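Only a predicted model underlies this, so the values are computations on that prediction, with no experimental measurement involved.
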Amino acid sequence: PNIPKEIGEGVDVMMLLAPMINHAIYLVDSEVADEDSVDKAIELGYNWPKGPLKIYRTLSRKSILKALDDLRSRFPDLAEFYQPSRGLLR
């Protein structure tokens, strides 16, 4: 779709990606699924060109942790949801 520029300018993509990446790392650490399965599920299920763990490999861990910290500050009632997984903290 053609999204008007003024709508997209206010979107911080890290605020969308950070929780997804954090949860993907949690799933792998909890042995619910392996990395390839998590990525494939998102790629096929949501039609993403790359899964969250493939995207994570192109970003810095620090940027994900900062985004999660910002989300916890902005939404204190959801602080537990935005808590970094153990795997992200390693």
I need the minimum non-hydrogen distance between [X] and [Y], along with the two atoms involved.
X	Y	answer
Met15	Ala67	SD-O, 3.8 Å
Ala24	Val38	CB-CG1, 3.7 Å
Leu68	Tyr82	CB-O, 3.5 Å

Query raised in the report: Between Val28 and Leu44, is there a shared hydrophobic cluster once you connect ILVMFWY residues whose side-chain heavy atoms come closer than 4.5 Å?
Result: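 No; tracing contacts between hydrophobic side chains, which count when under 4.5 Å, never links both residues.
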Query raised in the report: In terms of hydrophobic clusters joined by side-chain contacts under 4.5 Å, are Leu16 and Phe75 together?
Result: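 No, Leu16 does not connect to Phe75 through the hydrophobic network.
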**Report entry** CG-CG distance between Asp36 and Leu53, expressed to the nearest 0.5 angstrom
**Finding:**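 If I round to the nearest 0.5 Å, the distance is 9.0 Å.
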Requested in this report: Drop me the distance from Arg74's CZ to Asp69's CG, to the nearest 0.5 angstrom.
Outcome: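 So the CZ of Arg74 and the CG of Asp69 are separated by 12.0 Å.
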Query raised in the report: Would Glu80 and Arg72 count as a salt bridge (Lys or Arg N to Asp or Glu O under 4.0 Å) if you check the C-alpha gap in whole Å, the side-chain angles of each, and the deciding distance to 0.1 Å?
Result: CA-CA 8 Å; Glu80 186 176 331; Arg72 282 193 314 277; over 6 Å; no
Report task. Go through the steps to decide whether Ile42 and Lys50 satisfy the test side chain to side chain contact (heavy atoms under 4.5 Å, CB included), and finish with yes or no. Result -> CA-CA 8 Å; Ile42 298 302; Lys50 291 182 181 179; over 6 Å; no
Query - Under 3.5 Å: donor-acceptor pair, side chain of Asn22, backbone of Leu88 - result: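 Judged by distance alone, no pair lies under 3.5 Å.
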Query raised in the report: Any donor and acceptor pair, going by atom type alone, linking the side chain of Ser63 with main-chain N or O of Leu59 inside 3.5 Å?
Result: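 Pair absent, no side-chain N/O of Ser63 close to backbone of Leu59.
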Query raised in the report: Tell me, do Ile55 and Leu17 make a side-chain contact under 4.5 Å, heavy atoms counted?
Result: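 SC-SC contact between Ile55 and Leu17 confirmed.
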Query - Test salt bridge (Lys or Arg N to Asp or Glu O under 4.0 Å) applied to Lys66 and Asp70, step by step - result: CA-CA 6 Å; Lys66 182 181 179 336; Asp70 291 348; 3.0 Å; yes
**Report entry** Audit row: Met14, Ile64, side chain to side chain contact (heavy atoms under 4.5 Å, CB included) steps and yes/no
**Finding:** CA-CA 7 Å; Met14 286 304 292; Ile64 302 299; 3.2 Å; yes
Query raised in the report: Hey, mind stepping through Leu27 and His23 against side chain to side chain contact (heavy atoms under 4.5 Å, CB included) and telling me if it holds?
Result: CA-CA 6 Å; Leu27 291 173; His23 196 69; 3.9 Å; yes
Query raised in the report: Given Arg61 and Tyr56, is the side chain to side chain contact (heavy atoms under 4.5 Å, CB included) satisfied, shown in steps?
Result: CA-CA 8 Å; Arg61 184 174 72 86; Tyr56 174 60; 3.5 Å; yes
**Report entry** Under 3.5 Å side-chain donor-acceptor pair for Ser37 and Asp34
**Finding:**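 Present: a donor and an acceptor within the cut-off.
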Report task. Give a yes or no on whether a salt bridge exists between Glu35 and Lys40, defined as a side-chain N under 4.0 angstrom from a carboxylate O. Result ->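 Salt bridge: no.
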